[in-house]
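Following: one structure in structure tokens, then a few remarks.
Protein chains get the first letters and strands the later ones, always in sequence-line order, with residue 1 at the start of each. Quick caveat, the model's predicted, so the values are computed rather than measured.
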Amino acid sequence: MMNFGVVRTSSTLEEIQSNSYLRKVESSHTINIKNLNVFIEEHHILKDINLSIPDKSITCIIGPSGCGKSTLLKTLNRMHDETPEVRISGEVIVDEENIYGVNVNVIDIRKKMGLLAQRPCPLPMSIFDNVAYGPRIHGLKRRKAINQTVIQYLQYVGLWDEVRGRVRSSPTRLSIGQQQRLCLARGLAIEPEYILGDEATSALDPISTKKIEELFIKLKEKYSIILVTHTLRQARRIADWVVFMYMGEIIEAGKTEEFFNNPKNKLTREYLSGSFS
Amino acid sequence: MRYIRVVKDRTARHLMLGIALFSLLLLLVIGITLLFKALPIMREKSLGTLLTSGNWKPFKGDFGFYPFIISTLYVSAIAIIIALPLSLLTSIYLNTYATKGIRKIFEPVIDLLSGIPPVIYGVWGSLAIVPLIAEKISPHFVEFSSGYSVLAGGLVLAIMILPLLVSILTEVFRSIPKEMTDASLAMGATKWQTVKKVILRKSLTGIIAAIVLSVSRAFGETIAVLMVCGNIPLIPKSVFDACYPLPALIANNYGEMMSMPGYESALMLGAFLLFFIILIFNAVSRLTLNQIENRYSL
């Protein structure tokens, strides 16, 4: 059995971040999107998006399929770079820096954004190595520090007790909900400043969904969280801000309560009442 | 009449089972025929002598297969050692870095390369590779080499299995889910980090399968190797010495000198050895693959 260093039964984000290996988390984070347009080949996917995303809160992006929610999310960590057909104009200002400006390092941007994908996708390595992946690729070498980081983030997502005997084995035997929490731990281990969720619970059962939602609520004390979601009820449950998109445009955005109780736009009202989805 | 489709289904099933069994049977028949034909020489001499002796003098009745076995393994090993890194890097490039345009140019070219007849590789090998080895490479290492050598055979074979390897490996890498590479990239990994830690790992079994396929091909490749490796039945002392792989031995001598006692039987034993080597190689790699799959549960 290997030595895992100091093992604590629970850890808070303060504790984890107090021994952060990369940098102290800055105090305030905002994302400002200005005149963002995205084209995929000839299709105009996002049209003149202007949006501010506040710090330390959960912002849910809702809208019918194909409205551009996921495309918008992908502009935030520049994952569109991987698809040559995509053209982007406009600005996305993260921490006062336009991430589409010149001299911007994509790796730095992605390190700031922890992504939780729709379906959990463990990397082909052990549970331990999955969580250690981020710290390792960003240059963490000391064994003890890696052990500590892995254990703490596994504890944070409530997975440590479930996997402690088999962290060296493959994650493919975990349930899909456990895998998604593993992916969250993996994303947190790169010590991001923002968390992006792309329908992160749509593949999960209700109990696993609840666990992930609770984690998001716990995480918003420290992070700005942007979630794309298909379920209105989820947005109502956990969002502080809601953004409604339709056909590549932002139709309405506002505080959750106001948005759901008193929608201003006709389209929003129709969408909320279930006239289309 | 309601059940006619059930009857059809059953007939189809049995028919297909029969055909599948037939191909298995064919394998057995070939193996048994070769073994049967090789029996006379095995009765005359012990199998141990035949396999470990380096003496090949058919007219004196000496049949030592050791040089041929060594040559086969030697040439194939050189081929895979040269071809594997090249094909890995090529297919990684095509799969991960290359734009669609580049891929569109390269993929048909690679398919075309694997369609070139071996004899052309052989001619090209003896016109280009052999003189290159004789004049430019070997003088740095040994006193004399005709160029017809283990290295020439290995190089020609490497070039021949390269397109095969590239097309299998490209397929292997393509089968990796995009979500997986995206997950790595989204964490801020570079493409190279993703290749090293995710793509290669995920495709380990596929890579091994590709190696097995191309090495089996290399073992059996006859004409191109025969034209460049010198065909002298001696144990090669360096890669610049001539060698004589089993397929070349059979192709060169079958149908000739049948008057010599035991010669035909000896050649059949050579064929059986080749058959056996490929069979064992495939079986061992299948076991290894299973082990890897179990260990990493890929």
Ranking A:Cys183, A:Pro84, A:Gly114, A:Cys121 by heavy-atom pairs under 4.5 Å to chain B gives rank one to A:Cys121
- Under 4.5 Å, heavy atom to heavy atom: which of residues 173-199 of chain B reach chain A? Give them by number, or say none.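 Listed by number: B:Glu179, B:Met180, B:Asp182, B:Ala183, B:Ser184, B:Leu185, B:Ala186, B:Met187, B:Gly188, B:Ala189, B:Thr190, B:Lys191, B:Gln193, B:Thr194, B:Lys197, B:Val198.
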Tell me if the [atom1] atom of [X] is crowded by more than 12 foreign heavy atoms within 6.0 Å.
{"X": "B:Phe106", "atom1": "CZ", "answer": "no"}
{"X": "B:Phe276", "atom1": "CZ", "answer": "no"}
{"X": "B:Arg103", "atom1": "CZ", "answer": "yes"}
{"X": "B:Arg10", "atom1": "CZ", "answer": "no"}

Bottom line for A:Met113: the part with an atom under 4.5 Å from chain B's heavy atoms is backbone
Whatever's closer than 4.5 Å to a heavy atom in chain B on A:Arg186 counts as both
